[in-house]
Amino acid sequence: MREPKVVVGFSGNLEFLVHLDGPHHSEKADLRSFEERIGGTSVNLGFSLGALGVPAHLIITTGMDKRADYIQEALKRHSLSHTMLSCRVETSFGYVRIALGGQRGIDSYKTAYARFPAAEVAEIVRRESPTAVVATGCTIEEEPLISAMFSAAPNDCICVLNPRESLCRDRGVLQRLLEYADILCINEGEYEARAGRDSRSSTDFYLQVLHGQGPEIIIVTKAGQGALISDRSGRSFHVEAYRAGEVVDETGAGDAFLAGFLREFLLGRDLHDCAEVARRVAGIKVTKLGGSNVATSEEINKHCNSITAVW
């Protein structure tokens, strides 16, 4: 068995974390602190995989906006192996998180891609020769990039699709991509967007419909309610959310869950063991504010060392 190595694309962005002091509904509040950091689903996944000891190479699509340089410098500071690909427009996501008396809000903006560097994506995947490729946080516009990533993956490589709701709503695009996918990871909102009126059917029935389109494994994350794991044989089970401490921010919990699950899956673990590690890594993540503020290797060892069959 080859040592695990993962190529992840394509979502990378800036995350601005603002802490305010003041009443919940006050017109004015004192600025206690301001943080600027990198985030995005691929970055979050890269951080978590690193803490789990799995090397990851990030493919980040960006544009001509000035802050793209900051993203690249931040990736270098954190020693994240990466390639930045330009789409020749302003593409970087910017998230603003406001923490005020325990309440948080999110605003974001992203422009459409103007050029798809699919050939460059395929070249990077072939060069890295990974054991898994993950297309995460992907929109419908990124279909050419995802297809290029999956098509260039080695024959024994695990292909993982973690799409956004906009991609799930387009059944034609999603079905084309599912033909490549070994693992589909979606949240409840994305599952319902894909199922549409079919969501009224039994969950087990509809999961088998999705399995029939390609994926061997389907993960449906349910925020504070844990996750549902299903395989093509018809076996499915639910895992409860893990409580590592007070829940502060659930953003990035799905990325952390996927990282923990994928690490164990690539080592040949049983699905129950994969899910057990995954829920603990996600449970640590939600005790921290910010999507990219993930579990450390020390925290993972502390919370996972009781899983003797795995850790």
Side-chain angles (χ1 to χ4, degrees), residues 1-12 40-50 52 54-61 121-122 124-126 128-140 142-165 167-168 173-187 190-191 194 207 210-211 213-221 227-232 252-269 271 273-275 277-279 281-282 294:
M1 179 184 295
R2 289 193 294 149
E3 286 296 312
K5 182 179 183 180
V6 182
V7 169
V8 183
F10 301 94
S11 173
T41 52
S42 61
V43 174
N44 300 346
L45 192 58
F47 276 132
S48 289
L49 287 169
L52 288 158
V54 179
H57 184 87
L58 307 185
I59 303 176
I60 305 294
T61 50
V121 168
I124 293 165
V125 171
R126 284 191 288 265
E128 295 293 327
S129 188
T131 53
V133 292
V134 184
T136 182
C138 297
T139 63
I140 190 171
E142 292 169 305
E143 180 189 3
L145 301 178
I146 305 168
S147 297
M149 169 184 274
F150 289 166
S151 297
N155 291 333
D156 60 347
C157 184
I158 302 298
C159 294
V160 183
L161 179 62
N162 179 212
R164 291 192 188 275
E165 280 190 32
L167 196 156
C168 291
V173 171
L174 183 61
Q175 188 164 347
R176 286 196 293 274
L177 295 175
L178 286 179
E179 293 176 3
Y180 295 100
D182 299 294
I183 299 176
L184 172 65
C185 182
I186 52 179
N187 62 35
E190 291 153 356
Y191 170 82
R194 172 61 183 87
L207 286 173
L210 289 175
H211 281 301
Q213 295 174 359
E216 177 68 29
I217 308 296
I218 296 176
I219 303 168
V220 183
T221 57
L228 174 68
I229 314 293
S230 171
D231 68 15
R232 194 181 290 157
D255 305 322
F257 189 98
L258 177 56
F261 185 95
L262 187 57
R263 190 260 192 190
E264 300 307 308
F265 188 81
L266 292 174
L267 292 176
R269 311 298 192 192
L271 290 185
D273 290 338
C274 295
V277 171
R279 78 184 190 99
V281 177
V294 301

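The residues of the chain are indexed from 1 along the displayed sequence.
Minimum heavy-atom separation, C159 to A153: SG-CB, 4.2 Å. Closest heavy-atom contact between C168 and I186: SG-CG2, 4.3 Å. Here the closest heavy-atom approach between residue T221 and residue A227 is recorded as CA-CB, 4.0 Å. Nearest heavy atoms, C185 versus N162: O-ND2, 2.7 Å. When all heavy atoms of I218 and L207 are compared, the pair lying nearest together is CD1-O, 3.7 Å.
Every residue two or more places apart in sequence or in another chain that forms a side-chain hydrogen bond (donor to acceptor under 3.5 Å, both in side chains) with S151 is listed here: Y180. In this view, N44 and D255, S292 satisfy the side-chain contact (heavy atoms from CB on, under 4.5 Å) rule, not counting sequence neighbours. Remark: E179 pairs with no residue by the salt bridge (Lys or Arg N to Asp or Glu O under 4.0 Å) rule, at least two apart or across chains. For H211, the side-chain hydrogen bond (donor to acceptor under 3.5 Å, both in side chains) partners two or more places apart in sequence, or in a different chain, are S230. With sequence neighbours excluded, no residue satisfies salt bridge (Lys or Arg N to Asp or Glu O under 4.0 Å) with R126. For the side-chain hydrogen bond (donor to acceptor under 3.5 Å, both in side chains) test, no residue two or more places apart in sequence or in another chain qualifies with S48.
Distance CG/L145 to CD1/I59: 9.0 Å, rounded to 0.5 Å. In this structure, L266 CG and C274 SG are separated by 8.5 Å, a value rounded to the nearest 0.5 Å. Residue E128 holds its CD atom at 11.5 Å from SG of C157, rounded to the nearest 0.5 Å. The CG atom of L184 lies 6.5 Å from the CG atom of L210; values are rounded to the nearest 0.5 Å. In this structure, CZ on F257 lies 12.5 Å from CG on N187, to the nearest 0.5 angstrom. In this structure, the separation between CZ on F265 and CG on L271 is 6.5 Å, given to the nearest 0.5 Å.
Under the 4.5 Å side-chain criterion, counting only non-hydrogen atoms from C-beta, L177 is in contact with E143. No side-chain heavy atom of D182 sits less than 4.5 Å from a side-chain heavy atom of I217. Taking 4.5 Å as the limit, some side-chain heavy atom of I124 sits within range of a side-chain heavy atom of H57. In this structure, I229 and I219 have side chains that are in contact, with non-hydrogen atoms separated by less than 4.5 Å. Between E142 and T61, the closest side-chain pair of non-hydrogen atoms falls below 4.5 Å. Between L267 and P4, some side-chain heavy-atom pair lies under the 4.5 Å cut-off. Using a 4.5 Å heavy-atom threshold, the side chains of P130 and P154 count as touching. Under the 4.5 Å side-chain criterion, counting only non-hydrogen atoms from C-beta, L52 is not in contact with L262.
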